[in-house]
Amino acid sequence: MYVRQIPIPLASEQDKAAISTLVSYILHLTPQDLPDPSDKLMLDYFEQLINALVYELYLPTDLHTHNLSFAPLLQAEALPAIDDITGDKLAALRAIFQRLYATDHPLRRNLFLLDTLPAIRIIEGKEV
């Protein structure tokens, strides 16, 4: 009964595609025995990006007031669908991760700053 009261934001087709692509990356990586220790970081980072996209859908004013955005940045990356990656998918995902995780990439900067927003800290159960 109470769940019906929760508003569900409408996601654009581009938002849905970005989330779907990142989920497919995670699903591809999860059952594997990831040999490189940085692969766990890659998996966590893709999860953080999904969370950020969902936060942007539910709390656009909170994020955009602080000049934080994720959807346009991910859309600009034109991430390939997992099924469109030929050859060694793990190597391709590592390359994508390295690009998105670069210290000068705006996605990484925005993820870092996302943790400074009180609403996000409350959602994630961190001190406000």
Side-chain angles (χ1 to χ4, degrees):
M1 171 171 73
Y2 296 108
V3 174
R4 290 184 220 166
Q5 297 175 16
I6 299 172
I8 299 176
L10 296 176
S12 70
E13 290 304 315
Q14 295 90 345
D15 292 339
K16 291 177 190 178
I19 292 170
S20 177
T21 297
L22 290 167
V23 167
S24 71
Y25 292 176
I26 291 169
L27 291 174
H28 179 79
L29 293 168
T30 301
Q32 292 192 42
D33 180 27
L34 300 172
D36 190 318
S38 66
D39 291 340
K40 172 69 172 124
L41 178 62
M42 172 176 53
L43 187 61
D44 291 344
Y45 193 69
F46 290 154
E47 289 176 3
Q48 289 174 15
L49 290 173
I50 292 170
N51 290 343
L53 288 168
V54 172
Y55 292 149
E56 190 169 16
L57 285 172
Y58 276 92
L59 305 167
T61 304
D62 291 278
L63 273 67
H64 299 162
T65 300
H66 292 88
N67 296 319
L68 299 177
S69 65
F70 297 92
L73 296 171
L74 277 166
Q75 290 165 13
E77 288 293 329
L79 299 175
I82 194 74
D83 292 335
D84 293 339
I85 297 174
T86 57
D88 186 349
K89 292 185 189 307
L90 182 56
L93 292 176
R94 285 176 177 153
I96 291 168
F97 166 68
Q98 290 301 321
R99 186 175 74 242
L100 300 181
Y101 193 70
T103 55
D104 61 343
H105 198 290
L107 280 169
R108 184 167 174 183
R109 175 197 162 276
N110 288 359
L111 278 176
F112 176 78
L113 294 174
L114 187 63
D115 201 34
T116 65
L117 303 183
I120 302 303
R121 295 187 62 75
I122 290 169
I123 292 168
E124 294 186 355
K126 298 177 181 174
E127 292 183 34
V128 178

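What you are looking at is a predicted structure, and each value in this text was computed from that prediction instead of being measured.
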Quick one: are [X] and [Y] in side-chain contact, heavy atoms under 4.5 Å?
| X | Y | result |
| --- | --- | --- |
| Tyr25 | Leu79 | yes |
| Leu41 | Phe46 | no |
| Met42 | Gln98 | no |
| Leu113 | Asn67 | no |
| Phe70 | Leu114 | yes |

* To do: Look at the side-chain heavy atoms of Ile, Leu, Val, Met, Phe, Trp and Tyr, link any pair under 4.5 Å apart, and say whether Leu27 and Leu93 land in one connected group.
  =>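 Yes, Leu27 and Leu93 fall within the same hydrophobic cluster.
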Got a second to check how far [X]'s [atom1] is from [Y]'s [atom2], nearest 0.5 Å?
| X | Y | atom1 | atom2 | value |
| --- | --- | --- | --- | --- |
| Ile120 | Lys126 | CD1 | NZ | 10.0 Å |
| Leu90 | His28 | CG | NE2 | 6.5 Å |
| Leu74 | Leu22 | CG | CG | 6.0 Å |
| Arg99 | Arg94 | CZ | CZ | 16.0 Å |
| Thr116 | His66 | OG1 | NE2 | 6.5 Å |
| Leu53 | Leu49 | CG | CG | 7.0 Å |

* Asked: Would you say Ser24's side chain and Thr21's backbone share a donor-acceptor pair under 3.5 angstrom?
  -> yes
* **Sidechain-backbone polar pair: Asn110 side chain, Ser69 backbone, donor-acceptor under 3.5 Å** =>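 Answer holds: yes.
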* Polar contact flag, side-chain donor to acceptor under 3.5 angstrom, Glu124-Tyr55 ->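 Per modelled atom types, Glu124 and Tyr55 side chains form a pair under 3.5 Å.
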* What is the minimum heavy-atom distance between Tyr45 and Leu100, and which atoms define it? ->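 Distance-wise, the nearest heavy atoms are OH-O, 2.9 Å.
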